[in-house]
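First the structure, in the form of structure tokens, and then the observations on it.
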Amino acid sequence: MITRSLILILSNLPWKWTTEYVNQTAIEMSKNNTVICFFWFEALSLKEHVSQKTPIRLLYKISSNLYGYDSIHFVPFRRFSTINQLNLYINLFLIYIISAWFITSHHLKNKIVWVFDPRLAQTALFFKSIGYFLLYECVDYWIGSTLDSLEAKQIKSNEQQLLQRSNLAVTDSHTLQRIHQGVRHDIALVPLGFRLDTFQKKMGNILSIVLPKGKPILGFGGGISYRIDFRLLEQLAKRNPQWNIVLVGPILEIGNEKTVRYVRKKLQELAKLKNFFRYPDISKNNVPSVLQQFDICIIPYDTRLLWNTYSFPMKLFEYFYLGKPVVSMPIEELRQYNQFV
């Protein structure tokens, strides 16, 4: 068990996000360590902070032993790669000073940098070069996460560096373990978890959202993005008016502007169908009570995208916990659950 350490988590997601592997890792590790989550991708400039009237906060406390660091673009014109890199280095210097202060003042014995996303490889390797233990946790098939071939090539190069140079490399997927063993033969397999505490809580007698009655419900709970096979959902709804198709979750603005516009367009088209329903605004604490109303839980990922084919949807265990039947597109990792999916 890791204890009395400074753990710097390089987050690739906002703190309040549908996908929670960063949050849950940080919360769990902060029980016995000091944890700082370094946020880079959502960094604003000083001008943007003023115009949007958002507070400028570098380091702030999230909970006991858990802190966030919101990066800032101090130098304008970040659209230029050189300026963008300069801003990154400024923030890295600041987080280095802050981390050193925590190590000294809290008498911490180890310093660890924890990274999930190859896009943050160079930042992770910087901290390794100054004595941090580097842990790479591979949670997705990152090469398939972009539709841009040049970006995919860069991601592949970054990931190979992380696999080769990290002190410890782990994954929660048998599929990803097999894929990466050619680069890192000792990549370790760790179990995948989910928000068990939320699902264990008593759901109560009053439902926050009551789903439509009278027809069996085929439902999906999670972030809505271009990963969803909207053509499949449209066919299911049109060919089976005796079913209700329900999506529960917000639109995730991942990909590029074109893919986000595509998602919004497809949702507008689906909304015209009488047996399609979507509930975008729902708190995480109310998710179990809504999913409980599904008759069949579905994972309608578009497996033409390798990102989906080699994924391991955490929602599978949420569905299992509720005792629901699950129907999924052919995702490689789920083949080991053939008797249940």
Side-chain angles (χ1 to χ4, degrees), residues 1-17 19-44 56-74 84-140 142 155 158-159 161-172 184 187-188 190 193:
M1 178 184 291
I2 301 173
T3 60
R4 291 184 56 208
S5 298
L6 185 285
I7 302 178
L8 177 61
I9 294 180
L10 306 182
S11 179
N12 57 321
L13 300 172
W15 183 254
K16 294 183 179 180
W17 194 252
T19 306
E20 292 189 311
Y21 54 81
V22 173
N23 311 46
Q24 295 302 314
T25 299
I27 292 169
E28 187 66 28
M29 298 312 299
S30 67
K31 293 177 181 178
N32 297 295
N33 305 276
T34 298
V35 177
I36 304 175
C37 288
F38 177 79
F39 300 102
W40 168 248
F41 291 127
E42 296 77 41
L44 299 176
I56 297 175
R57 54 178 191 176
L58 287 174
L59 187 74
Y60 53 94
K61 193 169 186 176
I62 298 174
S63 61
S64 179
N65 299 325
L66 176 56
Y67 301 84
Y69 176 96
D70 286 348
S71 300
I72 294 177
H73 287 281
F74 293 97
N84 194 60
Q85 282 294 107
L86 176 60
N87 278 307
L88 176 59
Y89 291 147
I90 293 172
N91 284 280
L92 291 182
F93 174 74
L94 292 173
I95 197 67
Y96 166 73
I97 296 298
I98 292 169
S99 299
W101 179 84
F102 270 111
I103 292 169
T104 302
S105 63
H106 290 61
H107 307 289
L108 303 175
K109 59 182 181 179
N110 301 303
K111 47 188 179 180
I112 299 166
V113 59
W114 196 313
V115 62
F116 301 92
D117 190 328
R119 291 176 298 170
L120 293 164
Q122 300 311 312
T123 300
L125 292 170
F126 163 76
F127 281 99
K128 183 177 189 296
S129 71
I130 58 174
Y132 279 66
F133 182 97
L134 172 55
L135 191 159
Y136 173 48
E137 182 172 352
C138 179
V139 296
D140 258 314
W142 292 109
I155 288 174
N158 286 352
E159 185 160 55
Q161 290 187 65
L162 284 176
L163 288 167
Q164 292 167 348
R165 298 176 59 184
S166 60
N167 298 96
L168 177 63
V170 303
T171 181
D172 56 25
R184 178 74 180 249
I187 183 170
V190 297

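- W101 is not listed as a side-chain neighbour of T104, based on a closest heavy-atom distance of 4.5 Å or more.
- Distance alone, capped at 3.5 Å, places no donor-acceptor pair between the N91 side chain and the W40 backbone.
- Residues Y96 and F126 place their aromatic rings such that the two centres sit no closer than 6.0 Å.
- Here the CG atom belonging to L13 is positioned 8.0 Å from the CG atom belonging to N23, to the nearest 0.5 angstrom.
- N110 and T3 get closest at one heavy-atom pair: ND2-O, 4.3 Å.
- For the pair D117 (side chain) and R119 (backbone), a donor-acceptor distance under 3.5 Å is present.
- At least one side-chain heavy atom of S99 sits under 4.5 Å from a side-chain heavy atom of I36.
- Pairing each heavy atom of Y67 with each of K61, the nearest pair is CD2-CA, 3.8 Å.
- Within 6.0 Å of atom CZ in F93, 12 or fewer heavy atoms from other residues, nucleotides or ligands are found, so the atom counts as exposed in its surroundings.
- Contact check for Q122 versus N158: side-chain heavy atoms found under the 4.5 Å cut-off.
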So I95 and F127, side-chain contact (heavy atoms from CB on, under 4.5 Å) or not? Walk me through it.
CA-CA 10 Å; I95 197 67; F127 281 99; 3.5 Å; yes
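- At least one side-chain heavy atom of S166 sits less than 4.5 Å from a side-chain heavy atom of L134.
- Nearest heavy atom pair, residue G68 against residue F39, reads CA-CE1, 4.1 Å.
- Classified by interplanar angle (parallel below 30°, tilted 30° to 60°, perpendicular above 60°), the ring pair F116/Y21 is tilted.
- Note that the CG atom of L168 and the CD1 atom of I187 stand 9.0 Å from one another [nearest 0.5 Å].
- Aromatic ring orientation, F38 versus Y69: parallel (interplanar angle below 30°, classes split at 30° and 60°).
- Between the side chain of N33 and the main chain of L6, no donor-acceptor pair closer than 3.5 Å is present.
- Considering every non-hydrogen atom in both L66 and C37, the closest pair reads CD1-SG, 4.3 Å.
- Taking a 6.0 Å sphere around NZ of K16, one finds it holds 12 or fewer heavy atoms contributed by other residues, nucleotides or ligands.
- Under the 3.5 Å distance criterion, the side-chain polar atoms of R57 are left unmatched by any main-chain donor or acceptor of D70.
- No side-chain heavy atom of N32 sits less than 4.5 Å from a side-chain heavy atom of I2.
- Separation of atoms CD (E42) and OG (S11) is listed at 7.0 Å; rounding is to 0.5 Å.
- Closest approach of T123 to L10, counting heavy atoms only: CG2-CD1, 3.8 Å.
- Not a single donor-acceptor pair under 3.5 Å links the side chain of D172 to the backbone N or O of V190.
- For the pair S30 (side chain) and N65 (backbone), a donor-acceptor distance under 3.5 Å is absent.
- With rounding to the nearest 0.5 angstrom, the CG atom of L92 is 12.0 Å from the CD1 atom of I97.
- Around CZ of F41, the count of heavy atoms belonging to other residues, nucleotides or ligands within 6.0 Å exceeds 12.
- The line from CG of L125 to CG of L162 is 5.5 Å long, rounded to the nearest 0.5 Å.
- Rounding to the nearest 0.5 Å gives a distance of 10.0 Å between CH2 of W114 and CZ of F133.
- Between H73 and N84, the closest side-chain pair of non-hydrogen atoms falls below 4.5 Å.
- For R4 (side chain) and K109 (main-chain N/O), no donor-acceptor pair under 3.5 Å exists by modelled atom type.
- Inter-residue side-chain proximity for L59 and F102 is flagged as met; some heavy-atom pair is nearer than 4.5 Å.
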List the steps and the verdict of side-chain contact (heavy atoms from CB on, under 4.5 Å) for I130 and K111.
CA-CA 10 Å; I130 58 174; K111 47 188 179 180; 5.9 Å; no
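- Across all non-hydrogen atoms, the minimal contact from N87 to F74 is OD1-N, 2.8 Å.
- Two residues are said to be in side-chain contact when any heavy atoms from C-beta on lie closer than 4.5 Å; C138 and E159 meet this criterion.
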